[in-house]
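As a basis for the values below, the full set of heavy atoms in this structure was taken, side chains included, without hydrogen atoms, waters or symmetry mates. A, B, ... follow the sequence lines: proteins, then strands. Residue 1 opens every chain.
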Amino acid sequence: MKNLKEILSELSRGCVDILPEGELEKKLLIAKRENRPLRVKLGIDASGPYIHLGFTIPLRKLKKFQEFGHTAVLIFGDFTGKIGDPTGKNKTRPQLSDEEIKENLKNYKEQVFKILDPQKTEIRLNGEWSDKLSPQDIIKLSSKMTVARMLERDYFEQRYKNGVPISLHEFLYPLFQAYDSVAVKADIELGGTDQKFNLLLGREIQEEYGLPGQVVMTLPLLEGIDGTRKMSKSYDNYVGITESPTQIFGKLMSIPDNLITKYMLLTTDIPEDRIKEFEKEMKEGKNPKDYKVILAKTIVQMYYTKEESDRCEEEFKRIFKEKGLPDNIPLIKVSKEDKNVKITNFLKKYKLTESTSEASRIIKGRGLRINNVVIDDFNFQYTPQKGDIIQVGKKKFAKVD
RNA sequence: GGAGAGAUUCCCGAGCGGUCAAAGGGGGCAGACUGUAAAUCUGCUGGCUGAUGUCUUCGUAGGUUCGAAUCCUACUCUCUCCA
């Protein structure tokens, strides 16, 4: 049995804030005294439940709580999803239909239980209670918040300054989210650092409704594989946990060096002191690539198997060190008419490029190889032969069948 | 309700009635160098095409004009100020 100190240190690994300070310890003590599990809340957007490495950070934290006997309460934002969240400027997200929500929920569950223990997980749809709120309830809820405080938030402040429209209902979002905490009687809520305000609001609203306020734990946002913007599907810089081992491995190998240890700390169970050693070794001049391999292998192993991770490593070596070819080159079936076709048309026809213009651009840039021979003439007449290897840029391969 | 400002290509942002497929930056793609890293350098960055050109693009719909992103009208949306 671990003592309280050890538990606290494991639970706070990677956390940015635990607010109010010291409260987590109190909650843990209360749970022990009352012999009941803590209810740890995490919200997810119903519109795109595609779980990438960034989102595994809070999920893994939740798992940690489960290991210590507590209950994970996942809030699936079907209510908010139905209203349609206007994120950007001109894009008002389409409202989700009931079927879409159902479908998303199904996919979500599948992925989430790759990490969480289903026995200790409670999945709730916030429509359950939000749908039932009357206008009076909503007014009462809104009266707990002032416009000035809303506008203080970075997110709104910037948009307001830049003249980007803010719809009124966007102000309601944090309130509904906060109300979720009331509804599920959360003891703790997890979220990214960008959620700090919302999470704290949850605490306040709980107190307004006569409940003990939740403890807020914020976790860092993980930069995507481009190393700058936060990991997100819309930036196409994500590593999805349901992607193929090869993809996961490859993507992780392309993250910038300075993120290696951050990824380790947040997305794996590699012990913190080991990570510190790695850091030191890299500073002393060891090749960061080797540590990246450790990271990539660890993660592939977490979501697949040890064998897969070994295979990925070997394949990676073969492709990039020895400039060999990947294992699974997609085959393209060419038809008999494909004789002496213009190469640009060919590339477009088989979706190797978006357009013929893109094809000629790549050809001009010396990015096209057939059987390892650079083709730099965009008027090249191509007659595909079975077994030809076509390489477009660094990453796209195809084999003629 | 009133007054003003604005909507440009993936994003930000220039843009005299013709020489504008539209400056510049960001992002992206490709190449060199590497460790499929970072940094740096180079090229490209609407579609189709025999590269010559051609078609579609500047909030939407009309109009003026030989010719419009640029002028006019209406509409839609946004912002700011006043009440």
On RNA chain B, check which nucleotide each of A:R366 and A:S357 is closest to and give me the residue with the more 5' one.
A:R366

Is it the case that more than 12 heavy atoms not belonging to A:E284 sit under 6.0 Å from its CD atom?
yes

Under 4.0 Å between a side-chain N/O of A:R361 and OP1 or OP2 of B:G28, yes or no?
no

For atom C1', what is the distance between B:A21 and B:G53, given to the nearest Å?
14 Å

Between A:F378 (CZ) and B:C44 (P), how many Å, whole number?
13 Å

May I ask you to evaluate whether A:S254 reaches the phosphate of B:A37, defined as a side-chain N or O under 4.0 Å from OP1 or OP2?
no

Provide the distance between the two C1' atoms, one in B:G67 and one in B:U80, to the nearest whole Å.
37 Å

Can a salt bridge be assigned to the pair A:K292 and A:D257 using a cut-off of 4.0 Å between side-chain N and carboxylate O?
yes

Could you tell me how far B:A23 sits from B:U45 if I compare only their C1' atoms? Round to whole Å.
15 Å

Interatomic distance at P, B:C33 relative to B:G27, whole Å
23 Å

Base, sugar-phosphate alone, or nothing: which one does A:L368 contact when heavy atoms must sit under 4.0 Å apart?
nothing

Counter-base of B:C16, judged by Watson-Crick or G-U geometry with both distances under 3.5 Å
none

Phosphate oxygens OP1/OP2 of B:G43: is one of them under 4.0 Å from a side-chain N or O of A:K364?
no

Lys/Arg N to Asp/Glu carboxylate O, A:K399 vs A:D388, below 4.0 Å
no

Assigned partner base of B:U34, Watson-Crick or wobble definition, under 3.5 Å:
none

Think A:N379 has a side-chain N or O under 4.0 angstrom from the OP1 or OP2 of B:U49?
no

For the residue pair A:K144 and A:Y209, would you count it as a cation-pi contact if the rule is NZ or CZ under 6.0 angstrom from the ring centre and within 45 degrees of the ring axis?
yes

Is a side-chain donor or acceptor of A:Q247 paired with a backbone partner of A:S244 at a separation under 3.5 angstrom?
yes

Could you please name the partner base of B:U64, counting Watson-Crick and G-U wobble pairs only when both distances are under 3.5 Å?
none

Quiz item: A:D257 side-chain donor-acceptor pair to B:G35 base, under 3.5 Å:
yes

Send over the distance from A:Q381 CD to B:G50 P, rounded to a whole Å.
9 Å

Using the C1' atom on both, measure B:C29 against B:U65 and round to a whole Å.
41 Å

What integer distance in Å separates A:Y291:OH from B:G35:C1'?
14 Å

Whole Å only: how far is the CG atom of A:D226 from the P atom of B:A39?
11 Å

On RNA chain B, does the nearest nucleotide to A:T246 precede the nearest nucleotide to A:K342 from the 5' side, or the other way round? Give the residue.
A:T246

Do the ring planes of A:Y238 and A:H52 sit parallel (below 30°), tilted (30 to 60°) or perpendicular (above 60°)?
tilted

Same-atom distance (C1') from B:C10 to B:C44, integer angstrom
15 Å

side-chain N/O A:S355 vs B:G46 OP1/OP2, d < 4.0 Å:
no

Separation of atom CD1 in A:I362 from atom P in B:C29, rounded to whole Å:
10 Å

Between P of B:A30 and CG of A:D376, the distance in whole Å
17 Å

Re B:U9: Watson-Crick or G-U wobble partner, both distances kept under 3.5 Å, found to be none

Picking from B:A51, B:U36, B:C48, the nucleotide nearest the side-chain atoms of A:F316 would be B:U36

Please report, rounded to the nearest Å, how far the C1' atom of B:G50 is from the CG atom of A:N340.
15 Å

What integer distance in Å separates A:L352:CG from B:C29:C1'?
15 Å

Using distance alone, with no hydrogens and no angle criterion, decide if A:Q195 and A:E189 have a side-chain donor and acceptor under 3.5 Å apart.
no

Nucleotide forming a Watson-Crick or wobble pair with B:U80, both distances under 3.5 Å
B:A3

Could you tell me whether A:K64 and A:E10 make a salt bridge, using a distance below 4.0 angstrom between a side-chain N and a carboxylate O?
yes

Rounding to an integer number of angstrom, what distance separates B:U9 and B:A61 when you compare their P atoms?
15 Å

A:K348 has its side chain closest, among B:C29, B:C48, B:A37, to B:C48

Would you indicate what A:N237 reaches in the nucleic acid, counting non-hydrogen atoms under 4.0 angstrom: base, sugar-phosphate, or nothing?
nothing

What contact category does A:P288 fall into here, base, sugar-phosphate, or nothing, at under 4.0 angstrom with non-hydrogen atoms?
base

Which part of the nucleic acid does A:K251 contact within heavy-atom distance under 4.0 Å: base, sugar-phosphate only, or nothing?
nothing

Taking the C1' atom in each of B:G25 and B:G15, what is the distance between them to the nearest angstrom?
15 Å

B:G59 pairs with, by Watson-Crick or G-U criteria that keep both distances under 3.5 Å
B:C75

Below the 4.0 Å mark, does B:G47 have OP1 or OP2 next to a side-chain nitrogen or oxygen of A:T356?
no

